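These figures come from a predicted structure and were not determined experimentally.
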Number of protein chains: 2
Amino acid sequence: MSDEILGGDLSRLRQLNTQTALRVLRGAEPMTLTELAKRTGLSRASTEDVVDDLIAQRRVAEVPPVAGVMGRPARRYRFRGDAGHALGVDIGAHRVRALVTDLDGTVLGRAQAEVPDSAGREKRLAAADEVVDTCLRDSGVDPADLWGAGVASSGLVDPTGKVVLSVAIPEWTGLNLAEHFGKKIQAPVLVDNDSRLAALAEQWRGVARYAKDFIYLLAGLRTGLGLVIDGKLHRGFAGAAGEMGALPAAGWIRAQDHLATWEGEVGDLFAAARAGDRRALGAVRRYVKDLSVGTAALVLALDPQMVVLGGGFSRSADVLLEPLRRELDKQCIRTPEVRASTLGEESVALGAVRLALDHAERAMFGEAARLKS
Amino acid sequence: MSDEILGGDLSRLRQLNTQTALRVLRGAEPMTLTELAKRTGLSRASTEDVVDDLIAQRRVAEVPPVAGVMGRPARRYRFRGDAGHALGVDIGAHRVRALVTDLDGTVLGRAQAEVPDSAGREKRLAAADEVVDTCLRDSGVDPADLWGAGVASSGLVDPTGKVVLSVAIPEWTGLNLAEHFGKKIQAPVLVDNDSRLAALAEQWRGVARYAKDFIYLLAGLRTGLGLVIDGKLHRGFAGAAGEMGALPAAGWIRAQDHLATWEGEVGDLFAAARAGDRRALGAVRRYVKDLSVGTAALVLALDPQMVVLGGGFSRSADVLLEPLRRELDKQCIRTPEVRASTLGEESVALGAVRLALDHAERAMFGEAARLKS
DNA sequence: CTCACTTTCTATGGTCTCCACAATTAGTGG
DNA sequence: CCACTAATTGTGGAGACCATAGAAAGTGAG
């Protein structure tokens with residue numbers, strides 16, 4: 001089993017209790033000590049100690065009591081979303097985007113810029129740098145106050161932050177993004193694949209909030225995959241999980257070809273399908289059918305609670321969802337919920353923010369992971 | 001993230017520390033207090049307290065000190081494998097098997113019996129009951145001393161222990177195995193799918209001991225699948241994970257047909273292939289090729305550390321492994337290690353034992369899982 | 001056989017964290 | 001203004017951990 005060391009001395013126990021209290025407070029409305037004590041399982045007295053610590057650390061704040069109830073009015077405490085900030089950067093094939101949020105995920109600044117597919121490495125990086133600068137300026141967040149930054153890139157990213165391989169942005173291959181952004185940002189910079197980060201966002205603030213296992217499809221001109229298994233984003237042994245697109249039999253490579261038969265933008269195709277155009281409907285059906293093969297394989301293998309359709313095409317979920325559901329129904333033993341992402345275009349950047357926050361919070365709590373000697 | 005409550009009061013801390021100490025002792029040779037203290041991160045004094053507790057609980061025993069070393073000889077302690085026993089039952093299409101082991105996994109008793117495919121529900125259950133009885137008698141383990149029993153069945157099993165659907169044993173569908181064996185055994189009875197349990201065994205005592213993520217193929221006249229992800233056996237939202245075989249595009253349904261072209265037993269086919277017979281080699285190649293499609297899909301999606309080939313065909317791993325490796329190499333971005341199970345025919349029953357032990361140990365340690373109110 | 005040396009064992013006292021319980025306080029409602 | 005309610009504050013105690021110091025049980029050299 002796992003080799004983690006869970007216990008430790010008394011300070012470790014306090015650390016664990018503080019962590020649970022913070023987690024409870026973060027996920028709910030302001031709360032009295034009595035309520036918090038019940039939720040954490042601690043006594044009221046100890047809860048008070050813990051909260052005092054959290055206030056000293058500026059991670060929790062007191063809010064005015066509620067009037068009009070029986071008994072002495074209880075002090076109430078809330079999680080301080082403004083205690084930290086994070087930056088998320090999404091570098092796509094034809095757009096770069098940046099986002100600054102606080103710990104609650106409230107967006108404080110956003111910026112984006114178009115970049116031609118043919119831009120080349122330097123131009124794309126320069127554009128990314130600029131949206132980051134704009135974003136920080138607009139949000140009024142001092143770069144020194146950042147807890148971390150997350151960067152999303154299409155393609156395979158290794159654990160050090162280097163792009164191992166990118167098909168969508170060929171000139172990207174070999175670039176170390178962590179290093180690049182590390183120069184500008186004096187905080188941990190984490191890099192990961194765009195589909196995976198979009199899945200993370202969906203788990204954080206999207207339709208998969210209460211799902212422990214789900215399959216996320218980043219559907220667009222290419223199809224990406226993110227897996228959340230047992231509540232955790234799955235990266236794989238070498239960080240190469242989610243590359244279903246590489247397998248011809250999965251159908252994801254040729255799926256988009258069916259949409260290319262339509263002259264004009266993909267958006268128009270979906271609009272035509274929505275209006276009932278038979279040729280458009282046929283193309284959509286064939287697209288979904290190909291997409292469903294690899295998806296059904298995953299559903300059968302993993303039996304997830306949910307399949308989430310995200311990415312550019314999720315705007316047209318109304319014409320995609322039902323056919324996808326039908327195809328999966330045909331091929332699977334148990335069809336999971338099939339839902340469309342509601343996060344829109346910022347989902348990837350939001351996932352990058354979450355990546356940064358996860359890392360920062362793990363570091364802050366010391367991570368029980370002391371290694372056995 | 002997760003809603004678990006980790007902390008608690010001082011007794012909970014002690015519980016955690018005891019648990020870590022026991023885990024360290026279980027996984028290694030007898031150890032002195034100083035060594036154990038280093039590995040658990042506790043002080044020597046506290047380690048002594050913890051070990052005293054464990055001795056009182058009869059989970060740890062003292063062994064004679066090692067002579068001939070400098071300084072005062074240190075007492076040494078070992079994990080007591082004989083502190084508990086578990087039963088594992090494997091009910092297959094043409095064989096039933098039972099196993100009794102101690103906590104170390106040492107097999108204390110075994111029994112098996114052939115059952116014709118056409119046996120029917122009653123006969124098969126009677127045969128299973130008999131091997132269980134034989135096994136308990138031979139091992140000399142009092143049924144009352146069992147910590148639990150695990151039962152492996154082919155097909156889909158729901159969380160209550162009922163067989164929802166079995167293709168290999170049609171008359172099995174609808175049968176509640178937990179209920180059946182619960183009458184005989186006064187301890188928790190857990191039921192799960194055979195492929196999954198074989199994967200569990202492989203993680204416990206097989207080639208996947210040090211792998212956190214691996215794909216297990218139960219290769220035989222049907223192909224089964226077990227997934228271990230992030231160190232945990234993956235069951236899926238409704239316990240239906242691993243049913244890759246249901247998807248035609250995965251190739252697993254027709255794979256066996258290539259072997260059926262050979263007149264005579266499958267074993268002879270593999271032997272002929274081993275001897276260099278070209279027709280046999282062709283059949284094997286086509287079998288592996290079909291098997292590899294679904295496997296490659298999983299490898300690409302999950303990027304596991306290892307693919308383990310188990311089941312009846314693993315005896316012929318020498319003719320299967322290399323072709324499988326080659327196929328995966330062609331289709332995958334990063335090919336994981338491909339290895340054959342070394343557990344032999346008892347792997348499924350052994351996994352059933354592990355299932356029982358896991359449950360019993362979780363129950364014993366109280367499982368931090370108190371729910372928020 | 002004795003003595004120096006090494007390492008473990010045992011015992012003591014101190015600190016930290018949690019808890020239970022009692023006394024106090026600040027409101028509501030008649 | 002007085003009962004009633006529920007939160008706060010304060011006290012004492014128990015449990016678990018740690019550091020440290022001295023006693024104990026071996027080895028190895030002379």
Side-chain angles (χ1 to χ4, degrees), chain A residues 5-22 24-25 30-57 60 62-78 365-366 368 370, chain B residues 5-22 24 30-57 60 62-78 365-366 368 370 373:
Chain A
I5 291 174
L6 275 172
D9 61 5
L10 299 183
S11 68
R12 172 76 183 138
L13 181 63
R14 163 58 68 93
Q15 199 181 39
L16 289 172
N17 284 332
T18 309
Q19 207 171 333
T20 355
L22 192 59
V24 169
L25 282 171
M31 201 175 295
T32 68
L33 287 176
T34 317
E35 273 178 300
L36 184 58
K38 200 188 294 177
R39 296 239 205 161
T40 55
L42 295 179
S43 73
R44 213 208 88 99
S46 305
T47 307
E48 196 167 355
D49 283 355
V50 165
V51 168
D52 284 348
D53 275 10
L54 283 170
I55 288 177
Q57 290 171 35
V60 159
E62 194 175 336
V63 298
V66 185
V69 292
M70 266 301 195
R72 177 171 175 170
R75 290 185 300 208
R76 281 155 64 243
Y77 301 91
R78 67 171 174 86
F365 286 125
R370 282 162 267 168
Chain B
I5 290 172
L6 276 173
D9 61 6
L10 299 187
S11 69
R12 171 76 183 142
L13 182 61
R14 163 58 68 93
Q15 199 181 39
L16 290 171
N17 284 331
T18 310
Q19 206 169 335
T20 352
L22 192 61
V24 169
M31 203 176 291
T32 68
L33 287 176
T34 318
E35 274 178 297
L36 184 58
K38 202 188 290 176
R39 296 237 205 161
T40 54
L42 294 180
S43 73
R44 214 207 86 99
S46 306
T47 308
E48 197 167 353
D49 283 354
V50 165
V51 168
D52 284 347
D53 275 9
L54 283 170
I55 288 178
Q57 290 171 36
V60 159
E62 196 175 335
V63 298
V66 183
V69 292
M70 266 301 196
R72 175 171 179 172
R75 291 183 300 206
R76 282 156 62 243
Y77 301 91
R78 68 171 174 85
F365 285 126
R370 282 164 266 166
S373 67

Engineer: Looking at OG1 of A/Thr40 and CG of A/Leu25, how far apart are the two atoms once the value is rounded to the nearest 0.5 Å?
Structural biologist: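 Taking OG1 in A/Thr40 and CG in A/Leu25, the distance rounds to 9.0 Å.
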Engineer: Classify the side chain of A/Arg72 versus the base of C/dT25 as yes if they form a donor-acceptor pair under 3.5 Å and no if they do not.
Structural biologist: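 Indeed, a donor on one side and an acceptor on the other fall under 3.5 Å apart.
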Engineer: Expressed as a whole number of angstroms, how long is the span from B/Gln19:CD to D/dA16:P?
Structural biologist: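 Distance, rounded to whole Å: 16 Å.
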Engineer: Let me spell it out: for each of A/Gly68 and A/Thr47, pick the nucleotide of DNA chain C with the closest heavy atom. Which residue's pick is nearer the 5' end?
Structural biologist: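 It is A/Thr47, whose closest nucleotide lies nearer the 5' terminus.
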Engineer: Tell me which of A/Leu33 and A/Gly71 sits closer to the 5' end of DNA chain D, going by the nucleotide each one is nearest to.
Structural biologist: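 The residue whose closest nucleotide sits nearer the 5' end is A/Gly71.
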Engineer: Rounded to the nearest 0.5 Å, what separation is found between the CG atom of A/Asp49 and the CG atom of A/Leu42?
Structural biologist: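 One gets 10.0 Å once the value is rounded to the nearest 0.5 Å.
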Engineer: If you compare every side-chain N and O of A/Arg14 against the phosphate oxygens of C/dC16 (OP1, OP2), does one of them come in below 4.0 Å?
Structural biologist: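 No, A/Arg14 has no side-chain N/O under 4.0 Å of OP1/OP2 on C/dC16.
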Engineer: Return no unless some side-chain N or O of B/Ser46 is found under 4.0 Å from OP1 or OP2 of D/dA16.
Structural biologist: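 Answer is no, no contact under 4.0 Å.
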Engineer: Would you say C/dC9 has OP1 or OP2 under 4.0 Å from some side-chain N or O of B/Arg76?
Structural biologist: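 No, outside the criterion.
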Engineer: Please report, rounded to the nearest Å, how far the C1' atom of C/dT8 is from the CG atom of B/Leu36.
Structural biologist: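 About 15 Å, once rounded to whole Å.
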Engineer: Please check the phosphate of C/dC18 (OP1 and OP2 only) for any side-chain N or O of A/Asn17 closer than 4.0 Å.
Structural biologist: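 Yes, because at least one side-chain N or O of A/Asn17 sits under 4.0 Å from OP1 or OP2 of C/dC18.
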Engineer: Between C/dT7, C/dG27, C/dA20, which nucleotide has the shortest distance from any of its atoms to the side chain of B/Met70?
Structural biologist: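 In terms of side-chain proximity for B/Met70, the closest of C/dT7, C/dG27, C/dA20 is C/dT7.
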Engineer: Side chains of A/Val51 and A/Glu48: closer than 4.5 Å at any heavy-atom pair?
Structural biologist: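 Side chain of A/Val51 against side chain of A/Glu48, heavy atoms only: no contact under 4.5 Å found.
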Engineer: Which one, D/dC18, C/dT28, C/dT10, comes nearest to the side chain of B/Arg75?
Structural biologist: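 In terms of side-chain proximity for B/Arg75, the closest of D/dC18, C/dT28, C/dT10 is C/dT10.
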Engineer: Between A/Arg44 and A/Leu10, just flag the one whose closest nucleotide in DNA chain D comes earlier from the 5' side.
Structural biologist: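 Final value for this comparison: A/Arg44.
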Engineer: Can you figure out which of C/dT10, D/dC18, D/dA7 approaches the side chain of A/Ala74 most closely?
Structural biologist: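 So the nucleotide nearest the side chain must be D/dA7.
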Engineer: For A/Thr34, which contact category applies under a 4.0 Å heavy-atom criterion: base, sugar-phosphate, or nothing?
Structural biologist: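 Sugar-phosphate only.
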Engineer: Would you mind reporting whether A/Glu35 and A/Val24 have side-chain heavy atoms less than 4.5 Å apart?
Structural biologist: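 No, every pair of side-chain atoms sits at 4.5 Å or beyond.
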